[in-house]
Q: 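This structure is in structure tokens; I'll ask about it shortly.
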Amino acid sequence: MKKYLLLFCLMAMVQVAFAAKLPSLDTEINKDSVIVEFGKSGKVVIIVESKEDFEKLKMMNIDEIIKSLDLQENKETGELTIVQIQKKDGSTKDVVKVREEGAETEVNIGRMRVLVDESGQNTKVKIESGAKKTVDPSFKTNFNIDLGVSNYLSPDGGFPTSDNPYAVKGWGSWNVGLNWMAAQRISKGFYWDFGLGFQFYNFKFENKDFQAVRGDEMIEFIQRNDVDGFKSKISASYITAMTMLELDFGKMNDNGKKGLRIAAGPYAGYRLGGRSKFIYRELDGSGRKKDKQDTGLYLQNFRYGIRGEIGVGRVTFFTTYDLNTLFQDQKGPELNPISFGIVF
């Protein structure tokens, strides 16, 4: 049975190799020949030049045909390579491989695998087709969403402590980004990413009794003792251009999206809006009221910084750090925004 399976592999190999040349092969079939047909359109043609050759062919059996292949066995894996393609760079690619282990035989033909089990009374044959290999395009685009938390760093490199009126509450200070991105492949696993997006920042104050207001010369944080503060924050929105260099170790090692990805690069943005919002209740127990100031609050009109990404599989994390301060010079505390989260 295994010998017949090997012969089937040879037939399949000939069908693939000569599929595009069958019209010219018909002229040769006019000579004395033996034609073995299989499947819907597959055929193996053995051309006989003389009567003596035909007589020798009649004397051969499958054992001799297989033996004449002079297959070399891999001693470590037990595999036999029947068909091998020599590439221009000198490397080789196995097309048809056979592995025997006891009563089981495995034949690999490209992405097709044939399993033969002769351990029982009946021979079992199983044919499996592997997944089609995906081609990594040289240029691609996509739309993604950043969802993270925002904070800022003081000049000493730490987060502002709770004794500062502008200290940020970790949960509730959101950073949302809507990004259109493109990636140009430079080499295998190495990409140049670039794109344009909209970023929305919320800096929610931990001290909810303080309200950020526009003073005559700078932003001021006023403690509202006349009301019961419920929520206080500053928000800003930007249109941002970014570019990064990305290394995809999964693509480098032919593991697809299973490998580690890292990327980093600069970004720059222009402010579209900015305001403060203070939500409070009257001391006598009234409903919630809102006090908004859409005045910019001395925020920087231009921002720039560094973005980094790290991902494994389909999960990607990001972080951004503004190299310039959130407020204009001498118009507010020196605070550099920072955010981190996940990319969807």
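Note that the numbering runs from 1 along the sequence shown for the chain. Model, not experiment: these values are computed from the prediction.
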Q: Taking the six-membered ring for Trp, are the ring centroids of Tyr152 and Phe203 within less than 6.0 Å of each other?
A: yes

Q: Do Phe159 and Leu323 sit in one hydrophobic cluster, given that two such residues count as connected whenever their side-chain heavy atoms are within less than 4.5 Å of each other, even indirectly?
A: yes

Q: Can you pull out every salt bridge (charged side-chain N to carboxylate O under 4.0 Å, His left out) where at least one residue sits in residues 323-344? Sequence neighbours excluded, please.
A: none

Q: Return the minimal non-hydrogen interatomic distance between Ser232 and Ala212, and the atom names on each side.
A: OG-N, 4.4 Å

Q: What I want to check is whether the side chains of Ser237 and Arg271 have a donor and an acceptor closer together than 3.5 Å.
A: no

Q: Going by the rule side chain to side chain donor-acceptor pair (under 3.5 Å), which residues pair with Lys292 if we only count those two or more places apart in sequence or in a different chain?
A: none

Q: Please collect all salt bridge (charged side-chain N to carboxylate O under 4.0 Å, His left out) contacts where either partner lies in residues 147-170, sequence neighbours excluded, each pair once.
A: none

Q: Do Val312 and Phe344 belong together in a cluster built from hydrophobic side chains that touch within less than 4.5 Å?
A: yes

Q: Taking only residues at least two apart or on different chains, which pairs with a member in residues 182-192 satisfy salt bridge (charged side-chain N to carboxylate O under 4.0 Å, His left out)?
A: Asp136-Arg185, Lys188-Asp254

Q: Mark yes or no for whether Glu246, through its side chain, and Ala264, through its backbone, hold a donor-acceptor pair below 3.5 Å.
A: no

Q: Over all heavy atoms of both residues, which pair between Leu245 and Phe190 is shortest? Give the atoms and the distance, please.
A: CB-CE1, 4.2 Å

Q: Just grab all the salt bridge (charged side-chain N to carboxylate O under 4.0 Å, His left out) pairs involving residues 216-225, residues at least two apart or on different chains.
A: Arg224-Asp226

Q: Counting N and O atoms only, with roles assigned by atom type, does the side chain of Asn207 sit under 3.5 Å from a partner on the main chain of Phe210, one being a donor and the other an acceptor?
A: no

Q: Does Phe317 belong to the same Ile/Leu/Val/Met/Phe/Trp/Tyr cluster as Ile262, with side-chain heavy atoms less than 4.5 Å apart forming each link?
A: yes

Q: Using side-chain contact (heavy atoms from CB on, under 4.5 Å) as the criterion, point out the one residue from Leu153, Val168, Asn151 that pairs with Pro160.
A: Asn151

Q: Between Glu282 and Lys289, is there a side-chain N and carboxylate O pair less than 4.0 Å apart?
A: yes

Q: For a quick test of your reading: what N or O donor-acceptor pairs under 3.5 Å do the side chains of residues 192-200 make, sequence neighbours left out?
A:
| from | atom 1 | to | atom 2 | distance (Å) |
| --- | --- | --- | --- | --- |
| Trp192 | NE1 | Thr243 | OG1 | 2.6 |
| Gln199 | OE1 | Thr240 | OG1 | 2.8 |
| Gln199 | NE2 | Asn179 | OD1 | 2.8 |

Q: Look at the side-chain heavy atoms of Ile, Leu, Val, Met, Phe, Trp and Tyr, link any pair under 4.5 Å apart, and say whether Leu260 and Met252 land in one connected group.
A: yes

Q: Sequence neighbours excluded, which residues qualify as side chain to side chain donor-acceptor pair (under 3.5 Å) partners of Asp322?
A: Tyr267, Arg303

Q: Judged by atom type as modelled, is there a donor-acceptor pair below 3.5 Å linking the side chain of Asn253 to the main-chain atoms of Phe249?
A: yes

Q: Which pair of non-hydrogen atoms, one from Phe139 and one from Gln184, has the smallest distance, and what is that distance?
A: CD1-OE1, 3.3 Å

Q: Under 6.0 Å from the OH atom of Tyr321, do we count more than 12 heavy atoms belonging to anything else shown?
A: yes

Q: Who passes ring-ring contact (aromatic ring centres under 6.0 Å, His included) against Phe278, sequence neighbours left out?
A: Tyr280

Q: Who else is in Phe230's hydrophobic cluster (ILVMFWY, side-chain heavy atoms under 4.5 Å, direct or via others)?
A: Ile279

Q: Tyr166: which residues meet the ring-ring contact (aromatic ring centres under 6.0 Å, His included) condition with it, sequence neighbours left out?
A: Phe221

Q: So, using side chain to side chain donor-acceptor pair (under 3.5 Å) as the criterion, who are the partners of Asp228 when residues are at least two apart?
A: none

Q: Quick check: closest heavy atoms across Thr161 and Ala167, and the distance to 0.1 Å?
A: O-CB, 3.2 Å

Q: Going by the rule side chain to side chain donor-acceptor pair (under 3.5 Å), which residues pair with Asn225 if we only count those two or more places apart in sequence or in a different chain?
A: none

Q: Take Ser150 and Asn175, measure what side-chain hydrogen bond (donor to acceptor under 3.5 Å, both in side chains) needs, and give me the verdict at the end.
A: CA-CA 6 Å; Ser150 303; Asn175 167 222; 4.7 Å; no

Q: Between Lys208 and Glu206, does any side-chain N to carboxylate O distance fall below 4.0 Å?
A: no

